[in-house]
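Each chain gets a letter, A, B and so on, in the order its sequence line appears, and its residues count up from 1.
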Amino acid sequence: MIRLDNTSGGAVAAAIAAERHRMGSAATGMVLSLLILSDEEYQADATAAAVNAARQHPMRIVTLIPRPSRNEPRLDAEIAVGGDDGPGEVAVLRLRGQLAEHANSVAIPLLLADTPVVAFWPAEGPDVPSEDPIGRHAQRRITDCATADDIVRELARRKEGYRPGDTDLAWTRLTPWRSALASVLDRPAGAMSGATVSAEEANPSALLLVSWLSHSLRVPVELVASDGPGITEARLSTGEGDIVVSRSNGSTALLSRPGIPDSRIALPRRDLAALLSEELRRLDPDEVYGDVITHLELP
Amino acid sequence: MSPHRHAAPSGNPLRNPLDQRLPRVAGPCGIVLFGVTGDLSRKKVMPAIYDLANRGLLPPGFGLVGFARRDWEDQDFAQIVHDSVREHARTPFREEVWRQLAEGIRFVAGDIADPEAYLRLKGVVEELDASRGTGGNHAFYLSIPPGLFPPVLEHLKTSGLAEDRPDAWRRVVIEKPFGHDLASAEELNRIVDDVFVPGSVFRIDHYLGKETVQNILAVRFANTMFEPLWNSNYVDNVQITMAEDIGIGGRAGYYDGIGAARDVIQNHLLQLLALTAMEEPLSFAADDVRIEKEKALRAVVLPRELGKHTSRGQYANGWQGGIPVLGYLEEEGIDPQSATETYAAIRVDVDNRRWAGVPFYLRTGKRLGRRVTEVAVVFKRAPHLPFAKTAVQELSNNALVFRIQPDEGITVRFGSKVPNTTSVQVRDVTMDFEYGESFVDSSPEAYERLILDVLLGDPPLFPRHQEVELGWEILDPVLDYWAAHGQPDQYVSGGWGPQSSYEMVARDGRTWRRP
């Protein structure tokens with residue numbers, strides 16, 4: 001970890017390059033730049049998760065932490081290059097004083113040439129991510145509804161501000177559920193008449209699951225409150241009986257199907273690094289998410 | 001790169017072709033494993049099945065049936081699988097995943113030659129269909145010596161286990177060696193094709209499951225900057241190497257009488273040659289790729305004087321990487337008079353417009369300098385060098401190297417000016433691309449990929465019997481020639497092969513790259 005106090009974006013980029021040279025490897029092989037915009041509360045976890053995800057997606061991670069105050073504008077940086085934590089490059093930047101409002105000017109010299117840019121807001125994201133000064137650089141913009149105080153309001157903002165290229169980790173968290181349900185329906189089932197999703201209250205993923213199911217199955221889907229953790233059950237009603245995937249412990253689900261004895265499905269909840277890794281696998285717009293968020297019906 | 005994939009099962013409203021996130025999960029199915037106690041089963045197949053389950057890629061209710069002549073109950077077999085998973089799985093052991101898998105584990109005790117046993121197996125398979133919802137879809141994984149194929153296949157046929165139905169598939173998976181010459185390969189293919197339709201036969205060449213092997217096609221056909229150079233106008237020669245630093249280890253029984261050429265050149269190296277030399281396929285659908293690979297293999301010709309353009313050797317005792325090692329003829333279980341080669345190198349030409357005059361050198365060996373597999377495309381020197389002779393003395397041929405393993409990636413070698421010299425001086429430099437996936441501590445094993453493809457019925461990565469037979473057609477004359485010409489040359493362990501291998505390329509005015 002190298003500290004650079006009272007520095008500039010260009011100087012940070014030069015310091016990263018110098019550190020690369022010192023370690024004897026000028027070629028970097030980075031596949032993308034990840035801009036994390038966060039306050040102090042979320043920055044450490046988000047950066048650590050990104051460093052972890054960089055094992056799969058070698059990248060430059062730039063964490064921008066606005067620290068608005070009435071003091072002189074000033075940029076303080078900590079950088080780390082390669083090493084035991086993985087192959088990525090990390091710059092954690094604190095933007096003090098008025099500079100807090102000009103994160104963009106710090107980010108620009110730090111973007112890798114000619115490679116994709118991804119923006120990530122681990123906590124509150126902007127109203128329209130694609131129009132945010134930081135989001136404008138990015139072809140993929142990741143928010144996380146689950147960290148908001150008012151889930152419904154936050155989902156409404158995501159819906160209003162949606163542009164292709166946006167995604168939300170509440171959607172990413174659903175992938176194992178969606179995959180399990182889709183593979184259950186690889187076995188032909190009777191005509192679908194309705195579905196129910198049970199989840200603890202204020203779970204944005206559950207609302208997205210309801211929207212996805214009703215959009216794909218074209219049947220009414222009901223949301224029922226449960227004790228959690230997270231989503232606890234998805235029930236598909238077919239002419240032959242109910243297909244139920246239920247998970248009460250947050251890790252293993254029980255699959256019940258008409259005419260077949262119950263079986264188990266591993267359905268673990270995943271950490272932030274795993275979610276980010278999934279998010280970075282594809283950098284083109286997630287059209288299915290686009291459909292789901294724009295058709296989302298909010299209570 | 002992912003080759004062309006079959007469309008999602010139609011009629012499933014939750015499968016949307018636009019959905020980037022949902023992984024390709026195998027449909028309802030099970031695997032019946034023959035040869036459950038073998039090394040391959042325990043070290044590769046069982047761990048790969050667990051890893052697939054752990055990645056959520058197996059269907060709910062997946063079934064795994066073991067078949068062997070052991071007095072075991074289901075739970076004894078489950079314990080074997082458990083131990084192998086614990087020891088060899090790539091992904092972390094998770095109790096919930098194991099329980100999901102363990103529920104579908106069954107064991108059938110019986111002799112391979114006993115028709116009764118297959119009726120019991122049939123009963124178990126049907127029980128899985130009822131209790132686990134495997135839907136009649138089963139793959140028979142024959143992890144057994146090829147000599148045992150005929151009775152197994154015959155009983156699978158007579159018991160009705162091998163019968164495809166319109167709504168349920170039956171597939172068979174076999175491992176190399178696919179015969180030991182053309183005649184035996186044809187015989188084997190005849191036996192297999194008699195029971196299963198060609199599209200249901202999956203021959204595992206685990207090299208083809210490697211990301212980097214598939215990357216050869218991606219690099220060639222997704223870019224503009226390589227393909228224009230990919231011909232005899234610019235390419236001087238191609239060197240395909242698979243080197244191992246280990247000896248034969250405990251495989252004496254298998255290896256003696258087989259040798260390096262049958263073990264590696266016939267399958268792996270010729271497949272790599274086909275991918276390097278082939279024309280652009282119409283699409284990445286299995287048949288289109290196969291047609292082009294076959295065309296390339298059909299164009300392969302051997303040199304007329306095999307003695308001058310091939311080389312074979314046996315490792316002699318010596319030191320390797322600082323450790324004293326035995327010579328091949330001193331290894332336990334090896335006939336001291338054995339003529340089996342542990343090193344083989346051959347020159348072939350690809351007789352078509354693109355490759356006329358470009359030698360392809362294939363070499364493989366045990367106890368070589370280090371473990372490495374690569375395809376090196378060596379370019380011609382620039383026709384004119386506007387520099388003083390001294391300036392380019394240290395410049396050799398440009399090269400593009402696909403590093404298959406380890407350090408998977410691509411290396412490009414070209415000349416660059418040496419900085420800070422008073423007169424211009426050009427020297428070789430290399431530019432490396434480290435394959436992104438290789439950063440993943442958990443990059444999927446080739447076996448995971450291949451087993452999943454078997455269950456998905458996705459055949460592009462599996463050689464068809466035509467390719468296997470073409471491989472033998474190419475190799476048989478070399479093997480015959482060697483058989484009639486005495487002993488292989490001895491070579492020093494830990495080096496890069498016998499003297500004759502250097503002479504063989506020197507005759508063409510070329511040198512081996514040190515991999």
Could you go step by step and tell me if A:Thr252 and B:Arg99 meet the side chain to side chain contact (heavy atoms under 4.5 Å, CB included) rule?
-> CA-CA 9 Å; A:Thr252 309; B:Arg99 284 210 314 251; 4.2 Å; yes
Most heavy-atom pairs under 4.5 Å with chain A, out of B:Asn54, B:Asp19, B:Leu18, B:Val25, belong to B:Asp19
Side chain of B:Gln100, backbone of A:Ala266: donor and acceptor closer than 3.5 Å?
-> yes
Can you say whether A:Ser277 sits under 4.5 Å from chain B via the side chain, the backbone, both, or neither, judging by heavy atoms?
-> neither
Heavy-atom contact with chain B under 4.5 Å, split by part of A:Ile260 | both
Just wondering, more than 12 heavy atoms not from B:Glu87 lying within 6.0 Å of its CD?
-> no
Give, as side chain, backbone, both or neither, the part of B:Arg132 having an atom under 4.5 angstrom from any heavy atom of chain A.
-> both
Pairwise side-chain contact, B:Arg21 with A:Asp286, heavy-atom cut-off 4.5 Å (strictly under) = yes
Report the C-alpha distance between B:Leu14 and A:Val184 in whole Å, list the side-chain angles of each, state the deciding distance to 0.1 Å, and finish with yes or no for side chain to side chain contact (heavy atoms under 4.5 Å, CB included).
-> CA-CA 10 Å; B:Leu14 296 184; A:Val184 168; over 6 Å; no
Does B:Asn12 reach the main-chain N or O of A:Ala182 with its side chain, forming a donor-acceptor pair under 3.5 Å?
-> yes
Can you tell me if CD on B:Glu73 sees more than 12 non-hydrogen neighbours from other groups inside 6.0 Å?
-> no
Does any N or O in the side chain of B:Glu103 come within less than 3.5 Å of the main-chain N or O of A:Arg264, such that one atom is a donor and the other an acceptor?
-> yes
OG (A:Ser183) and CZ (B:Arg24) are apart, to the nearest 0.5 Å, by 14.0 Å
Which atom pair, heavy atoms only, marks the closest approach of A:Asp186 to B:Gly27?
-> OD2-CA, 4.4 Å
State whether the side chain of B:Gln20 and the backbone N or O of A:Pro285 hold a donor-acceptor pair below 3.5 Å, judged by distance alone.
-> yes
Contact leader toward chain B among A:Met192, A:Arg281, A:Arg140, where contacts are heavy-atom pairs under 4.5 Å | A:Arg140
Highest number of heavy-atom pairs under 4.5 Å with chain B: which of A:Ala189, A:Gly259, A:Ser216?
-> A:Ser216
Under 4.5 Å to a heavy atom of chain B? For A:Asp284 that would be both
Among the listed options A:Thr172, A:Leu255, A:Leu213, the residue most often paired with chain B at heavy-atom distances under 4.5 Å | A:Thr172
For residues B:Ser131 and A:Pro261, report the shortest heavy-atom separation together with the two atoms involved.
-> O-CD, 3.2 Å
Rounded to the nearest 0.5 Å, how far does OG of A:Ser251 lie from CD of B:Glu95?
-> 10.0 Å
Correct closest heavy-atom pair for B:Gly133 and A:Arg187 would be O-NH1, 3.4 Å
Interface residue of largest heavy-atom contact number with chain B, from A:Glu279, A:His215, A:Arg218, under 4.5 Å = A:Glu279
Contacting region of B:Pro60 [heavy-atom separation from chain A under 4.5 Å] = both
Interatomic distance, B:Leu22 atom CG to A:Thr175 atom OG1 [nearest 0.5 angstrom] = 7.0 Å
